[in-house]
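Written below as structure tokens is the structure these notes are about.
What you see is a predicted model, and the numbers here were worked out from it, not measured in a lab.
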Amino acid sequence: MNDLESLKNILADEVGVYRTLLDILQREREYLVRLNAAGVEALSKEKDTVVLKLRLLEEERVRLMDSLAAAGVVPAGASLQELSGRTGDGDFHALRLRMLSLLQSISELNEFNRILIERSSGVVRNALNFLGAFGMNVSPKAAGTVLSREA
């Protein structure tokens, strides 16, 4: 398999992993809305795994692009759009468009989830301040106390 075919495979794999990340972010939004902390925590671990996969795929993509540049197929630092134009292969253009669409969706969903998290944090802070106004010494960093272990 030549470098161009290998690059197509890597890009297709990246598109698949980005779809997985988008799915995780959609589930995260649902968990945030439902205040499912355990679900959000589990998804955080899934996101870490997905990001690691993306990092490995990206390193391989860069290596292949460097190899293509060394072979004179594209200039160093060429984009997928340049690669598509130089090779005349429409698959690179299609993969680029899919990746751009997914990245835009991921960015928007990530921003939405960030806003949900900030608002939730604000509600918790306000509740703690409210309780503090009534003389309850509630600190978000304080450890809880077990009052009874009986069922």
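- The nearest pair of heavy atoms linking I24 to V50 is CD1-CG2, 3.6 Å.
- When the side chains of ILVMFWY residues are joined at heavy-atom separations under 4.5 Å, either directly or via intervening members, L22 and I117 end up in a single hydrophobic cluster.
- One hydrophobic cluster, built from ILVMFWY side chains closer than 4.5 Å, cannot hold both V15 and L56; they sit in different ones.
- A distance of 9.5 Å separates CD1 of I106 from OG of S101, quoted to the nearest 0.5 Å.
- Under the 4.5 Å side-chain criterion, counting only non-hydrogen atoms from C-beta, M65 is in contact with L83.
- Taking 4.5 Å as the limit, some side-chain heavy atom of H93 sits within range of a side-chain heavy atom of L97.
- E82 places none of its side-chain heavy atoms less than 4.5 Å from the side chain of V74.
- Salt bridge annotation for K47-E28: present, with a cationic side-chain nitrogen under 4.0 angstrom from a carboxylate oxygen.
- A salt bridge is defined here as a Lys NZ or Arg NE, NH1 or NH2 lying under 4.0 Å from an Asp or Glu carboxylate O, and E118 with R114 meets this definition.
- Contact of the E58 side chain with the R61 side chain is registered, since non-hydrogen atoms from C-beta on lie closer than 4.5 Å.
- Side chain to side chain, E30 and Q26 fail the donor-acceptor criterion of an N or O pair below 3.5 Å.
- The existence of a salt bridge linking D89 and K8 is confirmed by a sub-4.0 Å separation between a basic side-chain nitrogen and an acidic carboxylate oxygen.
- No path of Ile, Leu, Val, Met, Phe, Trp and Tyr side chains, each step under 4.5 Å between heavy atoms, connects L52 with L103, placing them in separate hydrophobic clusters.
- You'll find the side chain of L11 reaches within 4.5 Å of the side chain of L80, heavy atoms only.
- Checked for salt-bridge contact, R19 and D23 miss the test: no charged N lies under 4.0 Å from a carboxylate O.
- Going from atom OH of Y31 over to atom CG of N113 covers 13.0 Å, rounded to the nearest 0.5 Å.
- Annotation: the span from L68 atom CG to T87 atom OG1 amounts to 9.0 Å, rounded to 0.5 Å.
- Partner of L25 under the side-chain contact (heavy atoms from CB on, under 4.5 Å) criterion, chosen from T20, L109, L43: L109.
- When the shell of 6.0 Å around CD of E41 is examined, it contains 12 or fewer heavy atoms from other residues, nucleotides or ligands.
- The side-chain heavy atoms of E14 and V17, taken from C-beta on, include no pair separated by under 4.5 Å.
- The closest side-chain heavy-atom distance from T49 to E46 is not below 4.5 Å.
- At a threshold of 4.5 Å between non-hydrogen side-chain atoms, the residues S79 and R96 do not count as touching.
- Taking each heavy atom of S84 and F92 in turn, the nearest pair found is CB-CB, 3.9 Å.
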